[in-house]
Structure formats: structure tokens, C-alpha cells
Amino acid sequence: MQIDVQTLVFEFVGGLGIFLIGLKFMGEGLQKSAGDKLRDILDRFTSNPFMGVLAGIIVTVLIQSSSGTTVLTVGLVNAGFMTLRQSIGVIMGANIGTTVTAFIIGVDIGAYALPILAIGAFLLFFFKNNRITYVGQAIFGFGALFFGLELMSSGMEPLREVQAFKDLTVSMSDNAVLGVVIGTLFTFIVQSSSATIGILQELFNADAISLKAALPVLFGDNVGTTITAVLASIGASIAAKRAAYTHVIFNLIGTTIFIILIVPFNELVLFLQSQLHLNDPMTIAFAHGTFNVTNTIMQFPFIGVLAFLVTKLIPGEDTLVEYKPKHLDPIFIQQSPSVALDQAKEEVLRMGEYAHKGLEESSQYLNNHNQKHAELALQIEGALNNLDKEITHYLVQLSGTSFSEAESNKHSALLDSVRDIERIGDHFENIIELIQYKISNKVSLTAQANIDLNDMFDLTAITLKQAIQALGNMDREAALEVVHKENQIDQMERTFRKKHIIRLNEGVCDGAAGIVFVDILSNLERIGDHAVNIAEEVLDDKNSNPQ
């Protein structure tokens with residue numbers, strides 16, 4: 001039989017491309033139609049490892065990507081939303097959730113792929129309602145997934161006649177490790193275990209590969225999908241790296257156990273196939289599901305051991321930015337509003353300390369261009385946004401309780417201060433973006449401009465710190481000092497702007513450098529304004545300490 005290599009390659013590569021696009025469209029459509037609640041699901045339902053497994057399954061089914069769930073989890077660990085132990089449960093759940101795609105593929109509806117595509121396209125292009133277009137996107141992706149599979153299937157059918165491929169499958173049957181390596185590498189290249197499992201299902205369906213050869217490749221597919229999370233953890237916090245490497249260890253342990261037990265596992269899959277009358281693609285889906293569910297059941301009791309192991313493998317203290325509030329206990333809202341108010345104040349002060357830290361990280365990024373300072377500052381800005389939302393919600397709930405006049409004033413002061421601190425985060429985020437623009441466009445500031453910026457950074461940071469301390473101690477003297485320093489910041493900005501214009505006129509610096517310089521000055525001056533707003537809350541309070 002003559003093999004048309006060009007047709008084989010074109011149909012396989014084209015089919016794979018359509019399959020991947022379909023998988024992406026289906027995942028995005030499901031995610032959008034479900035609402036952007038994935039982060040909330042992972043944040044709220046990971047109180048214990050078992051709930052974490054369920055959350056991992058749900059989110060992976062919604063976005064049709066275990067890699068996507070794991071990357072999202074790594075991001076949440078990196079941001080301080082989730083602990084390492086919580087993340088392990090989610091990662092286990094993601095491995096189970098990703099098997100749903102294989103079961104979908106196992107349902108033989110390839111003949112209806114084109115009509116499904118047409119329905120999806122119709123909903124996408126002829127309706128203005130967002131919810132309908134999201135559903136259309138999911139349906140279009142669903143159809144594209146099966147159409148891509150059909151193309152790949154027809155492209156792979158001649159492979160069973162190719163002697164070199166026959167020899168390779170025989171080698172994989174005799175040497176399970178070779179199959180694992182091939183599955184790992186292919187999934188790493190394609191960046192989707194769902195795609196490689198889909199290809200495996202079609203190869204098995206075309207009698208191009210035996211079950212004994214297919215199972216090690218299936219194990220390798222599960223190992224290969226962990227690479228995405230490892231790549232996502234590059235440059236992230238130590239906790240995020242640990243979460244990513246836990247995914248690798250989890251799948252390596254499972255793969256090792258199943259390779260040792262490959263003969264009885266092969267018999268189990270054949271037994272399921274005969275008893276449940278499974279078609280070939282569904283047989284691979286059941287093998288995939290059995291592997292991941294059993295692996296999770298086996299390792300679930302040892303989550304603590306996994307966490308300990310990965311902590312030993314990746315040592316070091318982690319600089320963790322905690323997004324969640326520490327002091328806002330809802331029980332005090334009804335039982336003791338005055339205590340609740342004190343709790344809220346503690347959280348506002350913690351938020352203020354974060355703002356000061358973010359400003360310092362921005363200053364260091366300006367001087368050494370080390371990306372870790374930018375990342376930490378942006379993490380802090382994210383934490384400030386979340387704390388602003390949480391504290392404001394807590395204070396709004398408190399507003400319905402009975403307060404004395406002093407407590408009412410304190411309540412208003414805290415609400416205003418939260419808003420000011422959150423805005424400070426926005427301004428140092430602007431500064432980070434300006435420095436990133438400076439680096440990427442190779443904008444060079446003069447030595448004097450750098451000195452001026454550092455002087456203003458130092459004065460602004462001191463002023464902000466003093467404003468937070470003044471609020472903490474209700475110290476009028478410290479608050480007055482903040483007002484005085486803020487006047488110095490305003491004067492400094494005016495002076496440095498004039499010096500910049502002189503440099504510009506003398507041709508010492510160019511326009512791009514001037515924009516960066518002036519905009520950083522402007523953002524620092526606005527931070528000074530917010531610091532003085534916080535200080536004025538102290539000055540307006542009759543119960544503040546004169547000291």
C-alpha cells in the first residue's frame with residue numbers, strides 16, 4: 001500500500017490545529033458563560049483539601065484545561081490567596097477534571113461535527129446578547145474539537161501500515177518507560193494533555209497502537225501537562241514554585257506506581273471494555289479516568305507528606321503577600337461593634353504598611369531594574385485592591401449598628417483612609433509601568449534626574465509611613481508633621497519640574513526621558529496628597545492625642 005505522506009501530515013497537523021482551537025474556544029466559551037467566577041470558586045471552596053479537589057474538578061471542567069487550572073492555582077498561591085496544602089487538593093482535582101474531555105471524545109459524534117460548528121457560528125455571528133455568543137463560542141469549539149479529531153483520524157489511519165511505526169509501538173509495548181517519555185515530550189510540545197489523549201484515542205481506534213503500548217503514553221501525557229505550570233512558576237514566589245512542582249511529583253509518583261502495575265492495570269481496562277461494551281476511544285477515556293481518580297485516592301491521605309517533600313526540595317523563606325484580611329471577624333459586628341471597629345482599624349493599618357512596602361519596592365525597581373521588585377509591588381497592589389473591597393464591605397456592614405459620636409467619626413475616618421490607601425497602590429502601579437516603559441524603550445535618565453527622583457521617593461515614603469503611624473496612634477503632632485512634609489513634596493515637585501525644563505532646553509535629556517521623569521514626579525506628589533488626607537482624618541478627630 002502506497003502511503004501519501006503529504007496528505008497524512010497535512011490532515012494530522014491541520015486536524016490537530018483545529019482540535020486545539022476547538023478546545024480553547026470551548027473552554028473560553030464555558031468560562032465566560034459561567035461568569036468569571038473561577039478565581040472565586042478556588043478562593044472560597046478550598047477550606048480543606050477535599051473541597052480543594054472538588055474545586056479543581058469544577059474549574060477544570062469549566063475551562064477544559066488542567067494546565068489552566070494549575071496555572072490559576074499557582075497564581076493564587078503566588079498572591080497569597082491559597083496555601084500550599086490547599087493548592088495540592090486543587091491540583092489533584094484538576095487531574096480528575098481533565099479526564100472529562102477524553103470522555104466527551106469517547107462519545108462518537110464526529111459525523112455531526114460540521115452541523116455543530118454551524119450552530120455555534122450562527123449563535124456567534126447573528127446574536128448581540130453576550131450570554132448567547134458565549135454559548136455559541138462553546139458550541140463552536142465543541143464542533144471544532146470533533147472536526148479536528150475526524151481529520152486527525154483519517155490522517156492517522158495509514159500509520160498502521162508503516163513498518164517504522166509498527167516497530168515503535170512494539171517497542172513501547174515491551175518498554176513502558178519509552179512510552180512515558182514519548183507521551184511526556186509530545187504533551188510538552190503540544191501543551192495540551194487533552195489533545196495528546198485525543199490523538200491516542202484515535203490511534204487506538206484505528207488499530208495503529210495496542211492498549212499495552214497506549215497506556216504508558218497515557219501516563220506520559222499526564223506528566224507532560226505539568227510542564228506548563230512549571231513554566232508559569234518561573235520568576236514567581238517560592239510558594240508558587242512549590243505548588244507547580246507538587247503537580248510534577250504527584251504525576252511522577254502516580255506514573256511510577258502504574259508502570260509497576262501495568263500488567264494488572266491493562267487487564268482491568270480490558271475487563272471494563274468487555275463488561276461495559278466500550279468503544280475504543282471510550283476505553284482510553286476510562287483508562288485515563290481510572291488512572292487519575294486512583295492516583296488521587298492513593299495520594300490524598302499524604303498531602304502533608306507531599307507538602308513537606310516539596311518544601312525540602314525547594315527550600316527558603318517565602319515573601320508572601322497575603323491578600324486576605326487577618327482581623328475582620330464578622331462575629332463582632334453584632335456582638336461588639338466597638339471591637340469590630342478596632343479590628344477594622346488594625347486591618348487598615350496593615351493595608352497602610354503594605355502601601356508603604358509597595359512604594360519602597362517601586363523605588364528599588366527604579367534603581368536596579370530587578371524584576372522581582374516590580375512583581376512584588378504589583379502583588380501588593382493586588383492585595384490593596386482586595387483589602388479595600390473586604391474592609392469597605394466590613395465597614396458598610398458595621399454602619400447598620402449603633403455607634404457613639406466618637407465611634408461614628410472613627411468609622412467615617414477609616415472608610416476615607418481605605419480609599420486613600422487603595423489609590424496610593426494605583427499610583428505606585430503607574431510608577432512601575434513607567435519604569436517598565438523606560439526599560440523596554442531604553443530611555444535613559446540623567447544622573448541628576450535619578451538623584452531628584454530618589455530624593456522625592458525618600459521624602460514621599462517617610463511621609464506615608466508617618467501618616468500611617470499618625471492614624472495608628474491618633475497622634476496630632478505626627479499628623480501635623482505629615483502636612484508639613486507634604487508641602488515639601490509639593491515644593492520639591494515644582495523645583496524638579498523647573499530643573500527638568502532647563503535640562504530639556506539645554507539638550508541634556510530627550511522628550512521620552514522627560515515624560516517618564518515628570519509622570520513619576522506627578523504620581524509621587526499624588527501619593528503625598530493621599531498621605532495628607534489620612535493625616536487630616538487624625539487632625540479632624542477630637543479624640544486624637546496631642547502628644
Side-chain angles (χ1 to χ4, degrees), residues 10-39 41-42 56-72 93-156 186-187 189-202 205 221 224-225 228 281-282 284-285 288-289:
F10 281 12
E11 286 190 345
F12 176 76
V13 174
L16 179 61
I18 293 169
F19 179 93
L20 290 171
I21 285 287
L23 199 63
K24 184 173 187 292
F25 256 58
M26 187 166 73
E28 286 179 357
L30 286 168
Q31 183 177 340
K32 288 172 185 173
S33 58
D36 195 17
K37 299 289 184 186
L38 302 180
R39 194 184 181 103
I41 290 170
L42 289 177
I57 293 170
I58 292 164
V59 171
T60 306
V61 169
L62 284 176
I63 65 174
Q64 289 294 295
S65 169
S66 61
S67 298
T69 304
T70 311
V71 168
L72 197 60
N95 277 325
I96 295 172
T98 195
T99 64
V100 170
T101 312
F103 282 101
I104 291 170
I105 293 166
V107 179
D108 188 15
I109 55 171
Y112 304 100
L114 290 173
I116 293 168
L117 270 168
I119 292 165
F122 182 78
L123 294 175
L124 266 172
F125 288 99
F126 294 102
F127 288 89
K128 300 297 181 189
N129 184 298
N130 281 343
R131 184 58 63 88
I132 294 172
T133 57
Y134 296 152
V135 171
Q137 186 178 343
I139 293 171
F140 183 86
F142 188 66
L145 186 144
F146 279 100
F147 183 60
L149 272 174
E150 286 289 297
L151 276 177
M152 280 195 290
S153 178
S154 61
M156 287 186 292
F186 195 37
T187 304
I189 293 164
V190 177
Q191 288 288 292
S192 169
S193 64
S194 294
T196 49
I197 301 274
I199 292 164
L200 197 61
Q201 286 173 294
E202 292 307 318
N205 193 39
D221 291 342
T225 196
T228 311
M282 193 60 86
I284 296 293
H288 190 208

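Note that the structure is predicted; figures quoted are calculated from it, not measured.
- The shortest side-chain heavy-atom distance between F127 and F122 falls under the 4.5 Å cut-off.
- Residues satisfying the side-chain hydrogen bond (donor to acceptor under 3.5 Å, both in side chains) test with Q201, not counting sequence neighbours, are none.
- Here I58 contributes atom CD1 and I96 contributes atom CD1; the two are 12.0 Å apart, rounded to the nearest 0.5 Å.
- Annotation: the span from Q137 atom CD to N130 atom CG amounts to 11.0 Å, rounded to 0.5 Å.
- Between atom CD1 of residue I284 and atom CG of residue D221 there is a gap of 10.0 Å, rounded to the nearest 0.5 Å.
- Rounded to the nearest 0.5 angstrom, N205 CG and L200 CG are separated by 11.5 Å.
- Note that the CZ atom of F140 and the CZ atom of F147 stand 10.0 Å from one another [nearest 0.5 Å].
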Query - CA sep, side-chain torsions, deciding dist, call: L123, T133, side-chain contact (heavy atoms from CB on, under 4.5 Å) - result: CA-CA 6 Å; L123 294 175; T133 57; over 6 Å; no
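- Between G143 and A113, the closest heavy-atom pair is O-CB, 3.7 Å.
- Just one of I57, I197, T60 meets the side-chain contact (heavy atoms from CB on, under 4.5 Å) condition when paired with T98; it is T60.
- Of all the heavy atoms in A144 and G22, the pair that sits closest is CB-CA, 3.6 Å.
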